[in-house]
2 protein chains.
Amino acid sequence: MSSKTVLIVDDEPSIREMIAVALEMADYHVLEADNAQSAPRHGAGPQPDLILLDWMMPGTSGIELARRLKREEATAEMPIILLTAKGEEDNKVQGLEAGADDYITKPFSPRELVARLKAVLRRATPPGIEEAVEVEGLKLDPASHRVTSHGSALEIGPTEYRLLQFFMTHQERAYTRSQLLDQVWGGNVYVEERTVDVHIRRLRKSLGETHQHLIQTVRGTGYRFSIRE
Amino acid sequence: MSSKTVLIVDDEPSIREMIAVALEMADYHVLEADNAQSAPRHGAGPQPDLILLDWMMPGTSGIELARRLKREEATAEMPIILLTAKGEEDNKVQGLEAGADDYITKPFSPRELVARLKAVLRRATPPGIEEAVEVEGLKLDPASHRVTSHGSALEIGPTEYRLLQFFMTHQERAYTRSQLLDQVWGGNVYVEERTVDVHIRRLRKSLGETHQHLIQTVRGTGYRFSIRE
DNA sequence: GAAAATATGACAAATACATGACATCGGTGT
DNA sequence: ACACCGATGTCATGTATTTGTCATATTTTC
């Protein structure tokens, strides 16, 4: 699961810190800004996937910043959650009109924060609809998350599934173990290259005699998925 | 999923606009009317599947319109959600008596609106459009709101019913816990993902040995309803 | 045949899921 | 107002699967 980046904009360092801790525990990457001025200055750095904005801040208020962000092309699509103190609830409509995607009233529990954040992100990132791939009666269907051989289901583990999916969408091409680790496991995990061999073996076993030949060893290099030879 | 049409009746253009945007993002088709007079004028155009009605409007008030709609044959079956300002909560009973199906207090989040709208549509979709689904002797009939196994009724809770209904109308497809929460619980509730596991278990228990196998675990992903394997 | 590379079987630790128990909440009847 | 009830969400614990690594076999290359 790729961890998302959240930008917190709040003038109170203690609040920021509290939120940051909660989010980091939930495995989010956190950026902080203490006011509206410094907030949008992220041309170079990593772009956040979501912005947590305090309503009440000196200088440009949260709601103004929200409007500004929604107007700008680059940030218009970025989900915004507004934080407001209790009793300011009437601002809710105003805030949502300004383009905020959700609205949390202080005080809130870290749990609630994380839950709503997750929900907003979920909506903002619609899962891509992927097509099924089929080769010589071997079919991998992302929708049902299933692999079938001429209609009958195959027993296959999660990692082997991802491996096969990668291969079927990148046929006729040799990949080194290192490349496979990057593509299938994800770039920032450390595992032995030999581990790839083991999963290749498990994948071949799952595919059975019928389809084994599709997973080919490229000696001295790595592996390849190919219908030829 | 066929997109539904929602008619918004409110005298405030800004409110209408806000709601319209929220609904369109949620993939609904939107019609607008600014008062009770123009509202019923839909003899020709597309019929809405649901009406969002502001309580307070000049001229004919929302509640009066609601009553009128409920009296008329053509619109009697149409679900109505009333929008009311905060503090008018006492009107709730009155509103529901007038035939409204739900009741939302301003201010509300788009998420909340969409969720309740979805809930109302789910529950109030005119009988006849929702067909019973049957799979291997397991039958779910929305009309009678009943689940039967080869004719004999099964004991099943509300949440499990909705879960099963979703699954039976979306077979052969893997869903993450997150997606199930969105689809079955509604986007505006914040519950633990693990909670899905518990309801899956309850559903399986209700289904009994005979049909348990239909609810399949997809390791590392979520769950799936499938007649195969 | 020796060296290098890959295949394979076995394991222990890490993960993910299943299950039972429990607290809470809204609704009902007393 | 009160106790009761079913429905729900959460947690702690039990169980099963998955995963990365090794040690050891087997194959390929020269």
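Naming convention: chains lettered A, B, ... in sequence-line order (proteins, then strands); numbering from 1 in each chain. Here the structure is a predicted model, which is why all the values come from computation and not from measurement.
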Salt-bridge present (A:D54, A:R16; N to O < 4.0 Å): no
Side-chain heavy-atom pair A:L53, A:I81 within 4.5 angstrom cut-off: no
field: Shortest non-hydrogen contact between B:V184 and B:R162, atoms and distance
entry: O-NE, 3.2 Å
message: With a cut-off of less than 4.0 Å, is there a side-chain N or O of B:R194 near OP1 or OP2 of D:dG9?
response: no
- request: To the nearest Å, give me how far apart OH (A:Y161) and C1' (D:dT19) are.
  value: 19 Å
Distance below 4.0 Å between B:W185 side-chain N/O and D:dG9 OP1 or OP2: yes
- prompt: Between A:T159 and D:dT19, is there a side-chain N or O to OP1/OP2 distance below 4.0 Å?
  reply: yes
message: Can you see if the side chain of B:T195 gets near the phosphate of D:dT10 - specifically, an N or O under 4.0 Å from OP1 or OP2?
response: yes
message: Within the 3.5 Å criterion, strictly below it, is a donor on B:E192 or B:Y190 matched to an acceptor on the partner's side chain?
response: no
- prompt: Taking CD from A:Q216 and P from C:dT6, how many angstroms apart are they, rounded to a whole number?
  reply: 15 Å
task: Can you tell me which residue pairs pass the side-chain hydrogen bond (donor to acceptor under 3.5 Å, both in side chains) test with a partner in residues 140-154 of chain A, sequence neighbours excluded?
output: A:D141-A:S144, A:H145-B:T221, A:R146-B:E172, A:R146-B:Q216, A:R146-B:S226, A:R146-B:E229, A:S149-A:H211
message: Please tell me whether A:T217 and A:R204 have a donor and an acceptor in their side chains that are separated by less than 3.5 angstrom.
response: yes
- prompt: Counting side-chain heavy atoms from CB outward, which of C:dA10, C:dT6, C:dC17 is closest to A:R202?
  reply: C:dA10
query: In whole angstrom, what separates A:I200's CD1 from C:dT6's P?
result: 11 Å
field: B:T221 vs B:K205, nearer the 5' end of DNA chain C by closest nucleotide
entry: B:T221
- request: Among the candidates C:dA7, D:dT8, D:dT21, find the nucleotide nearest to the side-chain atoms of A:Y223.
  value: C:dA7
field: Between C:dA7 (C1') and A:E192 (CD): distance, integer Å
entry: 17 Å
query: 5'-most contact on DNA chain D: B:E160 or A:G157, nearest heavy atom basis?
result: B:E160
message: Rounding to an integer number of Å, can you tell me how far B:R162 CZ sits from D:dA7 P?
response: 12 Å
query: Can you check the A:I156 CD1 to D:dT17 P distance for me, whole Å?
result: 16 Å
message: Could you check whether any side-chain heavy atom of B:L181 comes within less than 4.5 Å of a side-chain heavy atom of B:T195, counting everything from C-beta outward?
response: no
message: Can you measure A:E155 atom CD to D:dA16 atom C1' for me and round it to whole angstrom units?
response: 13 Å
- request: Return no unless some side-chain N or O of A:R201 is found under 4.0 Å from OP1 or OP2 of C:dG9.
  value: yes
message: The side chain of A:D197 is closest to which nucleotide in this list: D:dT10, D:dT21, C:dT8?
response: C:dT8
field: Nearest-nucleotide pick for A:H199, side chain only, options being D:dG20, D:dT10, D:dT8
entry: D:dG20
field: Separation of D:dT10 C1' from B:E193 CD (nearest whole Å)
entry: 14 Å
task: Tell me yes or no: between the side chains of A:R224 and A:Y175, is some donor less than 3.5 Å from an acceptor?
output: no
task: State whether A:T217 places a side-chain N or O below 4.0 Å from either non-bridging phosphate oxygen (OP1 or OP2) of C:dA7.
output: yes
Give each protein N/O atom lying under 3.5 Å from an N/O atom of nucleotides 23-30 of chain D, with the pair distance.
none

